[in-house]
Chemist: 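There's a structure below that I have some questions on.
Reckoned from all heavy atoms, side chains included, excluding hydrogens, waters and symmetry mates. Counting starts at 1 for both ligands and their atoms, in listed order.
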Amino acid sequence: MSVAVVAIAALGLTACATGTDTDSPATDSETTAAEETTAAEGGAGGEVGVFTWWADGSEKEGLDALVEVFNEKFPNDTFVNLAVAGGAGTNAKAKLASDLENGNPPDSFQGHAGAELMDYIVKDQILPVNDVIDALGGSSVFPQDLLDRITVEGNIYSVPSNIHRANVVWANPSVLEAAGVTETPADIDAWIADMEKVKASGVETPITIGGTWTQVHLFETILIADLGPDDYAGLFDGSTAWDSDGVKTAVEHFETILGYANNASDGDDWVAPTDAVIDGTAAYNVMGDWAVAQFNSRDQVDGEDYIYFPVPGTDGIFDFLADSFTLPKGAPNEAGAKDWLMTAGSAEGQKAFNLKKGSIPARIDVPADDFPAYQQSAMESFKQDTIASSIAHGAAVPLAWLDDISTATAKFYSSKDGDTYVADLVAAAQKALG
Ligand code: BGC
């Protein structure tokens, strides 16, 4: 049993569950018999339209790396890039929803494993892909816990391509040194004290923020810090009240931290706030680990030009999300779509894609030492840490609930009225949970 498998078992995730899966994992060089039956030699042919929000910069580099593997594996197929720009799918998801409703689906689209995927399943907009998952090696190559998040009544509805971590602070060590900040803060209060030091050293905006989705992202990490993983998980099944003391503390912390941040407009994306840390006009940004791809693409050296640590108070917790690819009902080229899914789920595809994307492979059989230091540390954390589900990125709540949380957050961002924010969050949870 590999180290990864042992550690995943320790996490309570079952890496070798029973089922109809093939016996051994596929490797870069091997193709299983089932893979061959799912994907025709050279591919089905025709155009394969794939919808994502990886339209620019390092995200597009990740997509391009995956497309390169697709082109090699399936030369008969022609990849058509249907990406719609906007971090976290802010614009893409609206376009996708109307395309699906109008019976105009792409051949495959990016969807987050977990609650978000359930939206498409409930609306009967995507088809099971058990045959593809089985051909890829099933639960011998994908963690069972991850498969559970994409399974309804025995049917598996997407192919996971990666795992991202959301609760990461990216920081500029020179800015911290100049401010006399020498230690990693243990909790949110200590972190706020450090922001004060950074501000006193002459840095106007110690922390950067973008538009609404990045604010929801920051807030969810503060919720995890202030509630702890169990009470945080309880927010999504009704066992933790959205007006509990922990949530109220998180709202206060959120407001204080926003007081140390730049003023953002709703449409502002994640790259500029990351660049501000690189350029030294800010000390900190909280962002998912797609940010490491931006540091890399700007030739920043890990440990010298930038450092990273879990959002204070969330050490030992991995705030999780996973991108996965679907097979929409009525896909114009269903066989070509399966070629794409076989690529996104292959060991070779996951290595090429994740190296550029900053995430770690969803598969457990891609060797860790093929990856740089940050991703190796994320792999270790994913094995050991308690897993929390991201609100902003589809793991914890369905799209409609996320919309309501986002509206409440945008309102709070302008008003800074904490009582109303809490009341809006309570109302959103009541609407979603009934
Ligand atoms: C996606 C990531 C993406 C990020 C920023 C998240 O929702 O899962 O793949 O890099 O949004 O666009």
Side-chain angles (χ1 to χ4, degrees), residues 50-67 81 83-96 108-117 119-120 146 149-150 158-168 170 208-221 266-275 285-297 318-326 344 349-350 352-362 374-375 378 382 388-399 402-403 405-406:
V50 177
F51 185 96
T52 69
W53 54 88
W54 301 325
D56 311 293
S58 54
E59 294 183 338
K60 181 167 186 302
E61 284 176 30
L63 178 63
D64 288 347
L66 189 54
V67 172
N81 190 348
V84 172
T90 33
N91 310 321
K93 285 181 198 165
K95 160 98 169 71
L96 178 65
S108 184
F109 65 84
Q110 169 193 1
H112 289 123
E116 180 182 305
L117 200 70
D119 282 329
Y120 303 115
L146 182 56
R149 289 169 183 260
I150 53 178
S158 68
V159 174
S161 55
N162 66 357
I163 289 165
H164 269 302
R165 184 177 197 176
N167 58 324
V168 189
W170 305 93
T208 50
I209 193 77
T212 303
W213 75 263
T214 73
Q215 295 157 22
V216 175
H217 184 122
L218 171 62
F219 180 55
E220 90 183 28
T221 66
D266 185 30
D268 292 351
D269 216 344
W270 65 272
V271 177
T274 305
D275 279 346
N285 178 243
V286 172
M287 191 39 59
D289 50 14
W290 43 92
V292 79
Q294 179 66 9
F295 285 97
N296 290 339
S297 73
F318 191 107
D319 183 14
F320 151 98
L321 62 126
D323 294 305
S324 69
F325 281 96
T326 60
Q350 298 218 344
F353 171 66
N354 287 296
L355 271 172
K356 294 280 182 195
K357 187 69 172 58
S359 38
I360 60 176
Y374 170 74
Q375 277 140 306
F382 185 66
S389 295
S390 169
I391 297 173
H393 305 283
V397 296
L399 289 166
L402 175 57
D403 277 350
I405 292 173
S406 301

Chemist: Using a 6.0 Å distance limit plus a 45 degree cone around the ring axis, check whether K356 lies over the aromatic ring of W54.
Modeler: no
Chemist: D269 and G87: which non-hydrogen atoms are nearest, and at how many Å?
Modeler: OD2-N, 2.8 Å
Chemist: Any donor-acceptor pair under 3.5 Å linking the side-chain atoms of S297 with those of E61?
Modeler: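 No pair is found: no donor N or O on one side chain lies under 3.5 Å from an acceptor on the other.
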Chemist: Looking at ligand 1, does any of its N/O atoms fall within less than 3.5 Å of an N/O of A88?
Modeler: yes
Chemist: Which residue owns the protein heavy atom closest to atom 10 (O) of ligand 1, what's the atom, and how far is it?
Modeler: E59 OE2, 2.5 Å
Chemist: Any idea which atoms of ligand 1 are less than 4.0 Å away from a heavy-atom of G87?
Modeler: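 Listed by number with element, the hits are 12 (O).
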Chemist: Looking only at protein heavy atoms, which one is nearest to atom 6 (C) of ligand 1, and what is the separation?
Modeler: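 I find the closest protein heavy atom is H393 ND1, 3.3 Å.
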Chemist: Nearest to atom 8 (O) of ligand 1, what protein heavy atom do you find, and at what distance?
Modeler: D323 OD1, 2.6 Å
Chemist: Quick one about T212 and D266 (side-chain donor to acceptor, distance below 3.5 Å, no hydrogens or angles considered), yes or no?
Modeler: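 Note: D266 and T212 side chains meet the donor-acceptor criterion.
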Chemist: Indicate, as side chain, backbone, both or neither, the part of L321 found under 4.0 angstrom from ligand 1 when only non-hydrogen atoms are considered.
Modeler: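 The answer is the side chain.
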Chemist: Considering only heavy atoms of H112, which atoms of ligand 1 have at least one such atom less than 4.0 Å away?
Modeler: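 Within the 4.0 Å cut-off of H112, ligand 1 contributes 1 (C), 6 (C), 7 (O), 8 (O).
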Chemist: Give the residue, atom name and distance (to 0.1 Å) of the protein heavy atom nearest atom 2 (C) of ligand 1.
Modeler: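 Atom 2 (C) of ligand 1 sits closest to the protein heavy atom K357 NZ, 3.4 Å.
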Chemist: Over all heavy atoms of both residues, which pair between E59 and W270 is shortest? Give the atoms and the distance, please.
Modeler: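 Minimum heavy-atom separation between E59 and W270: OE2-NE1, 3.3 Å.
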Chemist: Would you call K60 and D56 a salt bridge, using N to O less than 4.0 angstrom?
Modeler: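 So K60 does not pair with D56 through a salt bridge.
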Chemist: Taking C-beta and beyond as the side chain, do W170 and T274 meet within less than 4.5 Å on heavy atoms?
Modeler: no
Chemist: Any N or O on W213 sitting closer than 3.5 Å to an N or O of ligand 1?
Modeler: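 By distance alone, the answer is no.
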Chemist: Check this for me - ligand 1, N162, N or O atoms closer than 3.5 angstrom, yes or no?
Modeler: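 N/O-N/O distance below 3.5 Å does not exist for this pair.
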